[in-house]
Structure formats: C-alpha cells, structure tokens
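The sequence lines fix the lettering, A, B, ..., with proteins before strands; numbering per chain opens at 1. As a basis for the values below, the full set of heavy atoms in this structure was taken, side chains included, without hydrogen atoms, waters or symmetry mates.
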2 protein chains.
Amino acid sequence: MASSVQSKRVRKTPEERRTEIVSAAAAIALTEGLECITVRRVADELAVRPGLIGHYFPVTEDLVAEAFGVAATAELDELIPAGRPTDGPVERLARFFSLTVGESYDGVSRLWLNARHLSRYRPTLADRVARQEALWRNRLSGLIREGTEAGVFHTDDPMETAVQILVVLDGLGAHANTDRGDRSPTVANMAVTTAERELDLQKGSLLTLMSAPGTHRAH
Amino acid sequence: MASSVQSKRVRKTPEERRTEIVSAAAAIALTEGLECITVRRVADELAVRPGLIGHYFPVTEDLVAEAFGVAATAELDELIPAGRPTDGPVERLARFFSLTVGESYDGVSRLWLNARHLSRYRPTLADRVARQEALWRNRLSGLIREGTEAGVFHTDDPMETAVQILVVLDGLGAHANTDRGDRSPTVANMAVTTAERELDLQKGSLLTLMSAPGTHRAH
DNA sequence: CACGCTATTGGATGTGCGACCAATAATCAA
DNA sequence: TTGATTATTGGTCGCACATCCAATAGCGTG
C-alpha cells in the first residue's frame, strides 16, 4: 500500500491490449488532437510503460491513423446509425442535422480539420481520411437514396447531393477553432438549407423537425 | 574563395532584416506549412545563424502568426485586388472565382486549413486568423456591395452573401491535402453556383466569364 | 580616427519526441 | 513442477526544437 503506482505488472491478451491502446488514442484524438497521440502520452493514459505502445505499434503514425479511423467511425455511427432503421429517412436526416449544428459537433469538426491538415505530412493518415470520407459519403447518400425510393426526397444523384451537403458542413466546421460565435441563422443553417433545396423539400420542413434533441441552436 | 559559406557577416537595418525574415517565413508557410517555420529553417533560408531569428522574434509563435498574415494578405490581394478597380464588379467576381477553382488555389486552401487547425494550440495565430477572416469577408462583401449598388447584383445583405460564398469555398478547400480528383462539375462549381443563386444572377452567367485565366477546370 | 551601439554570431541548455533493445515476469502447455 | 513463449518493463540513443547568453564585428557618431 506504499505506492499508488502499480507494482505488479498486468498481462493482457494482445487483442485486448491493442483495442485498449487504440481506444485511448482515439479519445486523445478527439479531446486534444491527433498530434497529442504520442507513445508517452498514450502510455501513461493506460498506466503502462511507453515501450509497450511501441510493441503494438512500432510506427506511431499507424496508431494515429487507426485512432482517427476509430474516432471518426464512432462519430458517424452516432450521426447516422447503421443497421435496420427504426425511423423514416426524413426523421433520420433531421436527426443528422440536429446533431451537426450543435456545439457538441465542434469536437468532430476539429477532428476532421486536424486529420485533413495532418494528411499533408502523413500518408498513412491520408489513406485513412480518404476511406472515412468515402464512408461518410456512402452512409449519407444511402440515407438519401432510401428517401428518394420512398418518394420523400427528390434528386437525380443521391451521391452528388450527399457530397454537396458534406462540403457545406465542412465549410461550416472550418471555424471550429476560432470565432463561430457571430454567425447569422442563415449561415448557421446553410447545410440544412442546402439539403432542403437539393432534395426538393419545402423550406423549413427539415428545420422544424430538428428541435427534439437537447443540443440545438435555434438562434 | 575557399569557403562557399559567407565568412563576412552582413549587417542590415532592423526593418530590412525583419521584413526579410517575415517574407522567408511566409514563403515557407505557403510551400511547406506553418509548422515548418522554425528558427533553424528560416535561418538557413536566409543564410544567417538561428540566434538572429530569435533576436527579432523572441517568441517563435509571433513569427508564425506574422508570416500567416503576410501570406494570406498577399493571396487575397491577388484574388480581389484592392484600390481603384479597373473592371466592373461582375468581371472582378468572375476573376475571383476563376482563381479559386484552379489547382493553384490548393496552396491557399492548404494554408487556411493549416492555420485553422494550428489555431487550436496557438492563440496568437488564432487572433491573426480571425483578423484575416474579417479581411477576406470585408473585401468580398465590399465587392458584392459595389455590384448591388450598380444594380448588377441583388442581395439584401452583401456581408451574409459573402460569408455564404466563403463557407462553400472553405468546404471545397478542405480536401486540398487528399483526393479532390473525382469531383463532379456540380460540386467543383458549388461556390460559383452559390454566388449566382444568392446574387440573383442567371445560371452560368458567372461561369462563362471565367475562361480567361490559364488555370481553370471546365471538366 | 576612436568609440559606442547593436546586429550578428557561436554555443549551451533543457525538453519531448520516435525508435530500439536487453532483461524481466506472467501465463500456458507439457 | 518445469520450461517455453512473449507481454511488459526500464533504459538508452539520436534528433529537432525553442530559448537564452556572452562574445564578436559592422557601422554611424563624436
């Protein structure tokens, strides 16, 4: 009982330890940024020695890429849950937007900003970013396609519409690290407006469905 | 003549040396990135000793912020020249877009991406970014206001329209470090489309004016 | 010409990083 | 119980960075 640091070493299965490491790294990626994922930082997050991280990830860049992938996938699953939907396309799209306009989405914006910039120097991460972009595109365009087939959305090219929405979302998210305070409602709702226009929905129809969750900004 | 390194030390006026340093740093910012602005890197760019940089910029972060400001201002002056205009608002806006869709604009996109991310950790840079954003907003909204007063553009709020255009531009620029290859014309021209829509211009009217400069992508 | 100012040099200090490796001990099979 | 496997430790190495400082030498002033 003399020392708070653990004297006995705990030995886990490689799989368990590995996911533990990646999870810790993903958490750091979201809260502090991808460049804070360092061998030492992750190590004392898990109360192990730095060398152990290097044992599972001999090249740190691989851990960074993996952490981004896990974090981004988790966020996407929150925005547009995969699997059998319980709601209709309109409700699911409204959910998506209500989550993306909230301030809690700033963390996600920061992560993407972070990853996109860091991709300039880390090819492994660049690959992961490209894969995640495809994942997000596909998930959103899938939702849109569902809606068009159900007759509630109208667009010739669901993928193109999805990309347009994501571009606007990226543009809004670019300011996650700076001002973002003095934003007019028109600008703040640009993504929703884009969706309503490109999907041929009535103006404000999506917006009115978005009041359900706790974190929204009606302004 | 035995040594290629300079044996004699050159002594310049503080103003001259200072601008020299900032210019070198700005060039590095555009080509390699803001985190490559290091005391040593700038020093051997100018063939001086690292200590000299520290003499003019005791805190390196200040040099980084200054370099970004200079680089961004220079780019803006290229996109929307200040001073007495020789062309009309429509031509100037067309020039703006023809320069922003070209691949040569990727460098600028990268710079903004870089600065916006780095602002997360460097408050001094964050201030500079905020000021530059205001500068860009004002310059573009000024141009739009000119056009509305001349009766060629139609919008109730030139500033809001300017911000909308810039948001789309930021969204498109987010991918400057990754793919950006498989982009449909619709997506590639989103910023122009936004302008035409928000300024109540005829569809394609701006686009057709954009063929002049060498670097454009009609797709 | 001599002197003072200071731009510029050369070097030191301390930090954090990724990568590497031999020694140790936990776990499981024989 | 014994032994092999390997997860985990503890430490080292070299590198790049920002910051600080005393010594040096250009250049203008007297």
Check your understanding: Are OP1 or OP2 of D:dA7 and a side-chain N or O of A:Y56 less than 4.0 angstrom apart?
Key -> no
Counting only pairs under 3.5 Å, give me each side-chain donor-acceptor contact of residues 63-79 of chain A, with atom names and distances, residues two or more places apart or in other chains.
| residue | atom | partner | partner atom | Å |
| --- | --- | --- | --- | --- |
| A:E66 | OE1 | A:R128 | NH2 | 3.2 |
| A:T73 | OG1 | A:G69 | O | 2.7 |
| A:T73 | OG1 | A:Q132 | NE2 | 2.8 |
| A:D77 | OD1 | A:R139 | NH1 | 3.1 |
| A:D77 | OD1 | A:R139 | NH2 | 3.0 |

Practice item. Starting from C1' on D:dT19, measure out to CG on B:L52 and report it in whole angstrom. Key: 15 Å
Review point. OP1 or OP2 of C:dT8 sitting under 4.0 Å from any side-chain N/O of B:H55?
Key: no
Practice item. Specify the separation, in whole Å, of atom CD of B:E20 and atom P of C:dT8. Key: 9 Å
Point to revise | Distance, rounded to the nearest Å, where A:L46 contributes CG and D:dT8 contributes C1' | key: 13 Å
Practice item. Calculate the interatomic distance between B:L34 atom CG and D:dA18 atom P; express it in whole Å. Key: 13 Å
Practice item. Could you encode protein contacts along nucleotides 13-23 of chain C as a string, one character per nucleotide from 5' to 3', using B for base contact, S for sugar-phosphate-only contact and - for no contact, with a heavy-atom cut-off of under 4.0 Å? Key: ----BBS----
Practice item. Calculate the interatomic distance between A:R11 atom CZ and C:dA26 atom C1'; express it in whole Å. Key: 5 Å
Practice item. Could you check how far CD of A:E16 sits from C1' of D:dT6, rounded to whole Å? Key: 16 Å
Review point. Excluding sequence neighbours, so at least two apart, what forms side chain to side chain donor-acceptor pair (under 3.5 Å) with B:S119?
Key: none
Study note, to complete from the structure: A:K8 atom NZ is separated from D:dG10 atom P, nearest whole Å, by 13 Å
Check your understanding: Which residue pairs pass the salt bridge (charged side-chain N to carboxylate O under 4.0 Å, His left out) test when at least one of the two sits in residues 113-125 of chain B, sequence neighbours left out?
Key -> B:R116-B:E133, B:R116-B:D170
All N/O donor-acceptor pairs, side-chain side in residues 31-47 of chain B, below 3.5 Å, sequence neighbours left out:
| residue | atom | partner | partner atom | Å |
| --- | --- | --- | --- | --- |
| B:T31 | OG1 | B:A27 | O | 3.0 |
| B:E32 | OE1 | B:R41 | NE | 3.2 |
| B:E32 | OE2 | B:R41 | NH2 | 2.5 |
| B:E35 | OE1 | A:H117 | NE2 | 3.1 |
| B:E35 | OE2 | A:H117 | NE2 | 3.2 |
| B:E35 | OE2 | B:N114 | ND2 | 2.7 |
| B:T38 | OG1 | B:R40 | N | 3.2 |
| B:R41 | NH1 | B:E45 | OE1 | 2.6 |
| B:R41 | NH2 | B:E45 | OE1 | 3.3 |

Revision key, fill the gap. Applying side chain to side chain donor-acceptor pair (under 3.5 Å) to B:T155 and not counting sequence neighbours gives B:T161
Practice item. In plain terms, say whether B:R18 and B:E15 are close enough for a salt bridge, that is, a side-chain N and a carboxylate O under 4.0 Å apart. Key: no
Exercise for review: Calculate the interatomic distance between B:E32 atom CD and D:dA16 atom P; express it in whole Å.
Suggested key: 15 Å
